Every structure is written in C-alpha cells, then in structure tokens.
Amino acid sequence: MSLLLDTNVLLWTSGHPDRLPQDARDLIQDKATELFFSAASLWEVAIKNGRGHADFNVDPRLLRRGLLENGYSELPVTGAHAVAVDLLPDIHKDPFDRILIAQAQIEGLTLLTADKKLRDYPGPIRVL
C-alpha cells in the first residue's frame with residue numbers, strides 16, 4: 001500500500017506517535033507500506049509555525065530531513081495537482097487538504113487523515 005500522510009498525521013507520526021490509533025501506527029510501520037509526504041504539508045507547517053500555531057511548532061527543514069532520512073518519499077506539488085483541485089466537490093475549504101486530496105487522486109495514493117470531513121471526497125481516503 002502507498003500512503004500519503006496528511007499534515008497532522010505526518011506531525012503525529014514524527015513527534016507524537018501516541019496520538020495515532022494503534023492500527024494506524026502498525027500500517028505506517030509496516031515495511032510493505034510506501035510512505036509519502038507532500039511539499040504542501042511542509043508549506044503548511046512553515047506557515048502555521050510562523051503564525052505560532054502550537055500544533056505546528058516544528059522546524060519544517062528538520063521535519064523534511066527527518067522524513068527523508070526515515071525512508072519517506074517527497075511528493076512535489078505539480079500543475080496537474082493544482083488544476084485538479086477545481087474538480088473536487090466543495091466539501092472542505094482548507095486549501096492544504098484540498099491539494100492533498102488532488103495529489104492522492106492523481107498519484108494513486110491513499111490519503112491517511114484524521115479529518116472526518118475528508119471521507120466524503122471520492123477517491124482513496126482512509127480516515128483514522
């Protein structure tokens with residue numbers, strides 16, 4: 001299975017794995033699971049950390065380096081991802097979540113998220 005972790009799941013995996021349900025930790029730690037993170041998540045962390053959001057209190061450079069060192073694959077945001085956002089139903093307003101959904105759809109990845117609102121989108125989305 002190939003998973004794209006949403007920003008919160010990514011942060012929890014990296015710094016607070018106890019916040020994840022055990023089945024999610026097992027899935028993430030499974031050697032057969034290919035793990036991806038989006039450049040959009042790093043962008044979100046940089047913005048929200050800069051604004052003082054407590055849940056995003058992490059250096060995005062250190063986060064990126066740690067993810068790469070632990071075998072995660074980085075997924076850039078492409079023009080194809082960006083234009084696919086306009087095809088998504090207007091369920092969720094968060095632009096970071098919307099680009100992650102578009103990336104998962106286009107790349108054939110399962111988006112792993114804790115955001116229950118996202119389960120209403122078409123495509124491979126797994127809600128914790």
Side-chain angles (χ1 to χ4, degrees):
M1 173 177 279
S2 297
L3 294 177
L4 174 61
L5 277 59
D6 86 354
T7 308
N8 284 315
V9 173
L10 199 62
L11 290 170
W12 297 341
T13 300
S14 301
H16 304 283
D18 54 304
R19 293 183 73 176
L20 293 168
Q22 185 62 49
D23 62 331
R25 280 183 274 172
D26 292 342
L27 184 60
I28 290 167
Q29 293 170 354
D30 186 335
K31 298 288 184 202
T33 303
E34 188 175 9
L35 300 170
F36 290 84
F37 69 95
S38 173
S41 289
L42 296 176
W43 181 28
E44 181 177 12
V45 169
I47 290 171
K48 292 182 178 178
N49 182 42
R51 291 182 178 168
H53 290 250
D55 288 346
F56 293 83
N57 187 18
V58 62
D59 182 327
R61 290 161 200 81
L62 295 177
L63 176 61
R64 180 178 183 268
R65 185 172 70 207
L67 292 167
L68 292 170
E69 288 175 354
N70 283 288
Y72 287 68
S73 296
E74 184 172 7
L75 182 61
V77 176
T78 67
H81 299 145
V83 298
V85 169
D86 77 341
L87 298 175
L88 295 174
D90 196 25
I91 297 169
H92 199 300
K93 304 294 183 201
D94 186 312
F96 296 109
D97 287 332
R98 292 175 64 81
I99 195 72
L100 292 174
I101 293 164
Q103 286 183 296
Q105 290 177 345
I106 288 173
E107 302 299 330
L109 304 171
T110 298
L111 178 63
L112 185 62
T113 182
D115 190 337
K116 293 179 181 15
K117 290 180 192 175
L118 301 187
R119 75 174 55 159
D120 294 330
Y121 278 99
I125 297 171
R126 184 167 176 170
V127 178
L128 305 179

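Computed from a prediction, not measured in an experiment: that's the story for all the values here. Counting begins at 1 with the first residue of the sequence.
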Under the 3.5 angstrom rule, does the side chain of [X] hit a backbone N or O of [Y] as a donor-acceptor pair?
X      : Y     : answer
Gln103 : Pro76 : yes
Arg64  : Leu42 : no
Thr13  : Val9  : yes

For Asp115, enumerate each residue passing the side chain to side chain donor-acceptor pair (under 3.5 Å) test, keeping only those at least two apart in sequence or located in another chain.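 Scan of Asp115 (side chain to side chain donor-acceptor pair (under 3.5 Å), adjacent residues dropped) gives His92.
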Show which side-chain atoms of residues 48-56 pair as donor or acceptor with protein atoms under 3.5 Å away, not counting sequence neighbours.
residue : atom : partner : partner atom : Å
Lys48   : NZ   : Glu44   : OE2          : 2.7
Asn49   : ND2  : Val58   : O            : 3.3

Search all heavy atoms of [X] against all heavy atoms of [Y] and return the closest pair with its distance.
X      : Y     : value
Ala114 : Asp6  : N-OD2, 3.8 Å
Leu88  : Arg98 : CD1-O, 3.4 Å
Ala104 : Leu4  : N-CD2, 4.1 Å

Counting only pairs under 3.5 Å, give me each side-chain donor-acceptor contact of residues 29-36, with atom names and distances, residues two or more places apart or in other chains.
residue : atom : partner : partner atom : Å
Asp30   : OD1  : Ala32   : N            : 2.8
Thr33   : OG1  : Leu27   : O            : 2.8
Glu34   : OE1  : Ser2    : OG           : 3.4

Would a hydrophobic clustering, with Ile, Leu, Val, Met, Phe, Trp and Tyr connected at side-chain separations under 4.5 Å, put Val127 with Ile91?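 Val127 clusters together with Ile91.
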ILVMFWY clustering at 4.5 Å (side-chain atoms), partners of Ile106: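 Answer for Ile106: none, a lone residue.
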Does the side chain of Leu111 come within less than 4.5 Å of Arg126's, by heavy atoms?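 The answer is no; the side chains never approach within 4.5 Å.
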Could you note down all residue pairs passing ring pair (Phe, Tyr, Trp, His ring centres under 6.0 Å) where residues 94-128 supplies at least one of them, sequence neighbours left out?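 Counting only pairs at least two positions apart or across chains, the ring pair (Phe, Tyr, Trp, His ring centres under 6.0 Å) contacts touching residues 94-128 are Trp43-Phe96.
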Between the side chains of His81 and Glu107, does any donor sit under 3.5 Å from an acceptor?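 Distance-only check passes for His81 and Glu107.
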OG on Ser38 to CG on Leu5, rounded to 0.5 Å: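 If we round to the nearest 0.5 Å, Leu5:CG and Ser38:OG are 11.0 Å apart.
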List the residues meeting ring-ring contact (aromatic ring centres under 6.0 Å, His included) with Tyr72, not counting sequence neighbours, and say none if there are none.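 Expected list: none.
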